[in-house]
Undergrad: 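First the structure, which I've put down as C-alpha cells, then a few questions once you've had a look.
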Amino acid sequence: MKKFFDIVMPVKTAACYIFTATMCVYAVLDLVFGWGALPDNYLFSFLLLSLAGGVLQIVAFTELVIKRLRYTLRLFVFAVPYLAVLSAIAAGFGWLPAAQPGAWALFFLIFLAVLLTMTLGFELYYRISGKKYDGLLGQYRASRTRDENSRGEY
C-alpha cells in the first residue's frame with residue numbers, strides 16, 4: 001500500500017500543478033484572443049491532460065520507472081509523449097480547427113515556449129538552490145572544523 005501512495009501522491013501533486021498552469025495559460029490566451037467563458041469540455045480536457053502530465057512527470061523525472069538517465073533525455077522522455085497526448089486531447093476535444101495548419105503550428109510553438117520557459121525556470125531555481133545549499137554546507141563544515149579544533153585545546 002505504501003508503494004501505491006508513493007506513486008499516487010506525486011501524480012496528484014503534479015496534476016494539480018499542471019492543471020493550475022494550464023488554466024493560467026488559458027487565461028492569458030483568453031485575454032489576448034477574447035474567447036469568453038470556458039466550456040465544460042475544455043475543463044474536463046484540461047483535467048485529463050493534467051492527470052496524463054502528472055503520470056508522465058513521475059515516469060520521466062523520478063527513479064520509480066527509469067533508474068538512470070541524463071536530464072536532457074528525461075526531458076525528451078517527458079516532452080515527446082506529452083506533446084502527443086496534448087495533441088490528441090486538442091484534436092479530440094476540438095480545441096483547434098483540424099483544417100487549419102496555422103492554428104496547429106501556433107499550438108506547437110506555444111507548447112515549445114511553455115516547455116522552454118518551465119525548463120529554464122527549473123534550471124534557474126535548482127542553480128540558486130544548489131548555491132544556497134553549497135553555502136550552508138560550507139558553513140556547517142567550517143563550524144565542525146572549529147568545534148573539533150576547540151576540543152583539542154582543553
Side-chain angles (χ1 to χ4, degrees), residues 1-140:
M1 190 66 153
K2 183 182 179 325
K3 183 80 167 171
F4 173 76
F5 282 111
D6 286 346
I7 295 170
V8 169
M9 295 308 286
V11 168
K12 175 199 65 85
T13 302
C16 291
Y17 289 143
I18 293 168
F19 185 77
T20 302
T22 303
M23 294 305 292
C24 290
V25 169
Y26 181 86
V28 168
L29 293 175
D30 182 39
L31 288 173
V32 171
F33 296 111
W35 293 329
L38 179 67
D40 289 344
N41 69 327
Y42 278 39
L43 184 64
F44 291 117
S45 65
F46 291 169
L47 185 57
L48 180 63
L49 178 65
S50 301
L51 290 172
V55 169
L56 285 172
Q57 278 189 349
I58 298 307
V59 168
F61 296 114
T62 67
E63 294 189 353
L64 288 173
V65 178
I66 303 170
K67 298 297 182 199
R68 293 178 187 244
L69 195 63
R70 290 188 337 216
Y71 180 73
T72 51
L73 291 176
R74 286 184 183 274
L75 189 59
F76 186 77
V77 166
F78 171 76
V80 171
Y82 193 63
L83 179 59
V85 168
L86 181 62
S87 299
I89 289 173
F93 284 91
W95 292 2
L96 303 168
Q100 291 184 357
W104 286 95
L106 181 60
F107 177 77
F108 179 71
L109 289 175
I110 290 171
F111 172 80
L112 289 179
V114 169
L115 181 67
L116 180 65
T117 302
M118 295 296 292
T119 302
L120 291 175
F122 278 115
E123 180 67 24
L124 181 64
Y125 169 77
Y126 286 123
R127 283 184 188 227
I128 290 170
S129 295
K131 287 181 182 179
K132 174 184 157 189
Y133 288 118
D134 285 346
L136 291 172
L137 182 60
Q139 289 176 355
Y140 171 75

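As the structure is a prediction and not an experimental result, all values here were calculated from the model.
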Undergrad: Nearest 0.5 Å, what's the CG-CD1 distance between Asn41 and Ile89?
TA: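 Rounded to the nearest 0.5 Å, the CG-CD1 separation comes out at 12.0 Å.
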
Undergrad: Kindly indicate, with the supporting measurements, whether the criterion side chain to side chain contact (heavy atoms under 4.5 Å, CB included) is fulfilled by Leu51 and Ile18.
TA: CA-CA 8 Å; Leu51 290 172; Ile18 293 168; over 6 Å; no

Undergrad: Measure the shortest side-chain to side-chain distance between Thr62 and Gln57 over non-hydrogen atoms and say whether it is less than 4.5 angstrom.
TA: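 A side-chain contact is absent here, since even the closest heavy-atom pair is not under 4.5 Å.
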
Undergrad: Under 4.5 Å between any side-chain heavy atoms of Phe111 and Leu116, yes or no?
TA: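 Heavy-atom side-chain distance check fails, nothing below 4.5 Å.
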
Undergrad: If you look at every heavy atom in Ala14 and Gly54, which pair is closest and at what distance?
TA: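 The answer is CB-CA, 3.7 Å.
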
Undergrad: Are any of the side-chain heavy atoms of Val65 and Ile58 separated by less than 4.5 Å?
TA: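 Of all side-chain heavy-atom pairs linking Ile58 with Val65, none is under 4.5 Å.
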
Undergrad: Please walk me through it: do Leu83 and Phe108 pass side chain to side chain contact (heavy atoms under 4.5 Å, CB included)?
TA: CA-CA 8 Å; Leu83 179 59; Phe108 179 71; 3.4 Å; yes

Undergrad: Do Val77 and Leu56 touch side chain to side chain, with heavy atoms closer than 4.5 Å?
TA: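 No, every pair of side-chain atoms sits at 4.5 Å or beyond.
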
Undergrad: Under 6.0 Å between ring centres, would you say that holds for Tyr26 and Phe46?
TA: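 Yes, the ring centres sit under 6.0 Å apart.
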
Undergrad: Quick one: do Leu48 and Phe93 satisfy side chain to side chain contact (heavy atoms under 4.5 Å, CB included)? Show the steps, please.
TA: CA-CA 11 Å; Leu48 180 63; Phe93 284 91; 4.1 Å; yes

Undergrad: State, with a plain yes or no, whether a side-chain heavy atom of Phe61 is found less than 4.5 Å away from one of Ile66.
TA: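 SC-SC contact between Phe61 and Ile66 ruled out.
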
Undergrad: Decide if atom OH of Tyr71 counts as having more than 12 heavy atoms of other residues, nucleotides or ligands within a radius under 6.0 Å.
TA: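 More than 12 within 6.0 Å, yes.
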
Undergrad: Distance from Leu29 atom CG to Cys24 atom SG, nearest 0.5 Å?
TA: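 These two atoms lie 11.0 Å from each other.
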
Undergrad: Please identify each residue that fulfils side-chain contact (heavy atoms from CB on, under 4.5 Å) with Phe107, with sequence neighbours left out.
TA: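 In terms of side-chain contact (heavy atoms from CB on, under 4.5 Å), with neighbours along the sequence ignored, Phe107 is linked to Leu86, Ser87, Ala90, Trp95, Leu96, Trp104.
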
Undergrad: How far apart are the closest heavy atoms of Phe76 and Pro81, and which atoms are they?
TA: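 Taking Phe76 first and Pro81 second, the nearest heavy atoms are O-CD, 3.9 Å.
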
Undergrad: At what distance, to the nearest 0.5 angstrom, does CG of Leu49 lie from OG1 of Thr22?
TA: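 It comes to 5.0 Å.
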
Undergrad: Please report the interatomic distance OG(Ser50) to CE(Met23), rounded to the nearest 0.5 Å.
TA: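 The CE atom of Met23 is 9.5 Å from OG of Ser50, to the nearest 0.5 Å.
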
Undergrad: Measure the spacing between CG of Leu112 and OG1 of Thr117 and express it to the nearest 0.5 Å.
TA: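 Result: 10.5 Å between the selected atoms.
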
Undergrad: What distance separates Leu73 CG from Arg68 CZ, expressed to the nearest 0.5 Å?
TA: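 Answer rounded to 0.5 Å: 15.0 Å.
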
Undergrad: Keeping Ser45 on the side-chain end and Tyr42 on the backbone end, is there a donor-acceptor pair under 3.5 Å?
TA: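 Here the side-chain-to-backbone pair exists.
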
Undergrad: Going by side-chain contact (heavy atoms from CB on, under 4.5 Å), name the residues that satisfy it together with Glu63, two or more places apart in sequence or in a different chain.
TA: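 Partners of Glu63 by the side-chain contact (heavy atoms from CB on, under 4.5 Å) criterion, ordered by chain and then number, come out as Arg74.
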
